[in-house]
Amino acid sequence: MATDTLKGKPGARGGATGGLRRLLLDNGALTALIVLVVAMSALSGDFLTTDNLLNVGVQAAVTAILAFGVTFVIVSAGIDLSVGSVAALSATVLAWSATEAGIPVVLAVLLAVATGIACGLVNGFLVSYGKLPPFIATLAMLSVGRGLSLVISQGSPIAFPDSVSHLGDTLGGWLPVPVLVMIVMGLITAFVLGRTYIGRSMYAIGGNEEAARLSGLRVKRQKLAIYAFSGLFAAAAGIVLASRLSSAQPQAAQGYELDAIAAVVIGGASLAGGTGKASGTLIGALILAVLRNGLNLLSVSAFWQQVVIGAVIALAVLFDTLRRKAGAGTPAAGASGGGSRGRQALTYVIAAVVAVAVVGATSLLHNGSSDGRSQKIGLSLSTLNNPFFVQIRNGAEAEAKKLGVDLTVTDAQNDASQQANQLQNFTSEGLSSIIVNPVDSDAAGPSVRSANEDDIPVIAVDRGVNKAEASALVASDNVEGGQLGARALAGKLGGKGTIVILQGQAGTSASRERGAGFAAGLKEYPGIRVVAKQPADFDRTKGLDVMTNLLQAHPDVDGVFAENDEMALGAIKALGSKAGKSVQVVGFDGTPDGLKAVQEGTLFASVAQQPRELGRIAVQNALRAAEEKKVDKTVKVPVKVVTEENVAGFEG
């Protein structure tokens with residue numbers, strides 16, 4: 001198998017101590033993985049279970065498949081920032097082709113794969129013949145791929161064909177198909193790198209591109225193939241990801257390109273090119289998955305998880321630098337003989353034996369202990385980067401403390417696949433019950449069904465779950481709220497005028513439902529004309545930027561409806577002195593900052609959902625469900641239009 005180009009200094013290492021030192025240094029990523037597994041096993045009795053270890057494999061699968069494709073590019077001294085977007089685009093093409101266009105599923109799969117390869121070829125052409133730096137070329141494709149995914153899907157998830165969704169299932173009821181796909185793609189990567197002409201060409205180009213060219217390699221054509229491989233693997237990852245979620249999400253795999261690059265680097269590859277191997281990339285992906293899984297089980301804050309993962313990436317690169325300075329290394333690319341491969345296999349066997357022995361010993365610490373914990377509940381929020389959901393968390397935590405409940409809160413960061421991982425972790429941990437605020441109602445379905453199979457009650461909050469059984473839905477009616485917002489704004493304008501709409505993040509059920517309710521409410525007011533609708537992703541800064549741009553085209557607009565208070569506050573900033581005077585703004589959520597703006601008169605109204613109340617009631621129902629007490633199937637928290645007249649008496 002092709003590996004690093006640096007060779008060790010045999011004279012510098014002697015005896016058993018030197019052999020152990022060399023083993024640890026030459027297999028730094030593997031050593032780190034073993035240490036992590038042992039540490040997580042010692043810290044959490046829920047880590048070392050069959051279900052949880054399979055979860056780790058499933059959660060590593062998509063990142064690993066993407067990373068295998070990126071390995072080809074990094075070995076050749078390139079970079080590919082587009083793989084996350086290409087994965088989302090390929091899955092969207094498959095879902096749209098098979099459902100909307102009525103194309104046979106087999107052809108739809110081939111079209112999706114062809115889409116990934118085509119994106120890779122475009123990247124390769126821009127790098128090879130367009131002379132663009134790989135960073136710029138793939139950054140452009142990142143934006144183009146994501147944009148095309150949104151255009152094709154119209155910003156909404158598309159149901160995945162059932163025949164392809166089986167890729168997200170298990171074989172025999174226990175072996176996850178994504179893990180099998182990951183292993184197959186890893187073997188293909190190892191074969192291409194170690195046994196093919198193009199694999200040897202990748203190392204040659206990464207080691208010295210000019211020397212490779214002078215040696216007779218057609219470097220430009222090779223780069224086309226290299227980036228095409230990356231696109232192919234991205235398409236495979238996108239299909240596996242969408243299969244897990246039972247839907248193609250246009251916003252799926254955001255940021256996954258960074259995880260893929262991190263996995264390759266943690267696995268021992270050099271961003272300067274010339275080194276890297278499939279096994280190292282797999283270990284890098286497993287390290288990231290073990291970290292996220294273990295930190296979730298240990299109830300580490302979602303914010304601190306990002307800090308820890310960043311620190312691990314930095315330490316991995318630092319360790320690799322020290323290893324190279326110390327002279328540790330592995331055989332040159334393409335030069336590994338049978339003896340070298342045998343030693344490498346022996347290293348992995350010894351590592352596995354050591355890991356099993358140590359982990360087995362640490363697990364005894366947990367097996368004999370009695371579990372006198374209070375009821376333990378997990379809460380997965382779609383994001384904590386929004387005051388509305390922070391208020392839900394605050395209300396839930398206050399109620400959990402009052403009732404003596406152990407509450408674990410996770411942040412999905414508006415990523416449906418990350419939320420699926422969190423819900424799987426909750427299920428394998430054997431919690432008393434789970435509360436989920438879905439990023440997307442369809443995408444949460446498969447993970448909630450897994451909890452159903454393990455008889456763990458699930459409470460949905462703010463948004464429902466489709467194609468799965470939720471013990472209760474604690475929510476306000478987003479559609480009704482949208483209608484109330486339309487009536488409030490139209491009434492303030494006297495039934496006449498022009499307005500603009502700031503939409504939430506494309507693909508989210510909250511944005512769809514609030515927008516649909518507002519559109520339905522406006523039908524009662526034919527004198528109100530919508531002159532522009534633009535997404536601002538529920539973000540205050542984007543609300544400011546988008547509203548500033550819209551004012552250039554529509555300076556005389558009379559009103560603004562924003563699908564949350566954050567965007568409304570951004571719009572108010574853009575409007576300046578016009579806000580609350582010549583231009584009326586209506587928001588949604590009733591956040592503290594939104595209510596303050598209502599008091600000040602810059603925000604005319606906010607459709608308030610009382611988020612703290614949502615969190616409080618969700619915990620109450622989760623506890624009742626865990627104790628097998630009766631809960632109502634739907635618990636409605638009243639929606640209120642809060643204006644300057646009633647804001648003083650409103651409690652959010």
Side-chain angles (χ1 to χ4, degrees), residues 1-7 66-83 86 113-114 116-141 185-236 257 260-261 264-265 267-281 320 324 329-338 340-341:
M1 184 182 294
T3 51
D4 296 349
T5 56
L6 294 176
K7 292 187 178 182
L66 284 175
F68 288 140
V70 173
T71 301
F72 298 132
V73 179
I74 289 180
V75 163
S76 61
I79 199 76
D80 193 347
L81 299 176
S82 67
V83 289
V86 172
V113 171
I117 295 173
C119 291
L121 287 172
V122 171
N123 283 335
F125 180 84
L126 292 175
V127 171
S128 299
Y129 296 94
K131 302 297 182 183
L132 289 181
F135 182 92
I136 300 301
T138 58
L139 182 63
M141 182 56 70
M185 300 305 279
L187 293 174
I188 292 173
T189 303
F191 176 79
V192 170
L193 287 174
R195 295 289 186 175
T196 65
Y197 171 76
I198 189 173
R200 292 189 292 273
S201 299
M202 293 175 190
Y203 287 101
I205 294 170
N208 190 320
E209 183 174 331
E210 183 61 18
R213 187 185 66 80
L214 293 174
S215 299
L217 281 179
R218 295 184 175 182
V219 173
K220 291 183 178 179
R221 291 188 181 181
Q222 295 296 330
K223 284 188 176 181
L224 281 176
I226 290 167
Y227 281 94
F229 265 119
S230 182
L232 169 63
F233 276 63
E257 55 278 346
I261 293 170
V264 177
V265 173
S270 170
L271 289 174
T275 63
K277 53 185 179 179
S279 57
T281 296
D320 185 62
R324 295 173 189 277
T330 48
S336 56
S340 175
R341 288 193 296 272

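If you're wondering where the values come from, they're calculated on a predicted model, not measured in any experiment. All values below come from the heavy atoms of this structure, side chains included, with hydrogens, waters and symmetry mates left out. Numbers here are sequence positions counted from 1.
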*Mark yes or no for whether Thr281, through its side chain, and Ala67, through its backbone, hold a donor-acceptor pair below 3.5 Å.*
no

*asked:* Looking at Leu217, is its backbone amide N or carbonyl O close enough to the side chain of Ser215 to form a donor-acceptor pair, meaning the two atoms are under 3.5 Å apart?
replied: no

*Starting from the C-alpha separation in whole Å, work towards a yes-or-no answer on side-chain contact (heavy atoms from CB on, under 4.5 Å) for Val264 and Val75.*
CA-CA 10 Å; Val264 177; Val75 163; over 6 Å; no

Nearest atoms (heavy-atom pairs only) where [X] meets [Y]:
| X | Y | answer |
| --- | --- | --- |
| Leu121 | Ala228 | CD2-CB, 3.8 Å |
| Ser230 | Val73 | CB-CG2, 3.7 Å |
| Gly124 | Leu224 | C-CD2, 3.5 Å |
| Ala77 | Ala272 | CB-O, 3.5 Å |
| Leu132 | Ala137 | CB-CB, 4.2 Å |
| Val86 | Cys119 | CG2-CB, 3.8 Å |

*Are Val122 and Tyr227 close enough that some pair of their side-chain heavy atoms sits under 4.5 Å apart?*
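Answer no - side chains too far apart.
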
_A side-chain contact here means heavy atoms from C-beta on lying under 4.5 Å apart; do Val83 and Thr138 qualify?_
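A side-chain contact under 4.5 Å is absent here.
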
*Name all residues meeting the side chain to side chain donor-acceptor pair (under 3.5 Å) criterion together with Ser76; count only those two or more places apart in sequence or in a different chain, and write none if there are none.*
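Residues passing side chain to side chain donor-acceptor pair (under 3.5 Å) with Ser76: none at all.
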
*Can you name the residues that form a side chain to side chain donor-acceptor pair (under 3.5 Å) with Gln222, not counting sequence neighbours?*
none

_Geometric class of the Phe233/Phe72 ring pair [parallel <30°, tilted 30-60°, perpendicular >60°]_ = perpendicular

_Point-to-point distance, once rounded to the nearest 0.5 Å, from CG of Leu81 to CD1 of Ile136_ = 9.0 Å

*By side chain to side chain contact (heavy atoms under 4.5 Å, CB included), which residues pair with Arg218, not counting sequence neighbours?*
Arg221

*Between Met202 and Phe229, is a side-chain contact (heavy atoms from CB on, under 4.5 Å) present by the stated rule, with each step listed?*
CA-CA 12 Å; Met202 293 175 190; Phe229 265 119; 4.3 Å; yes

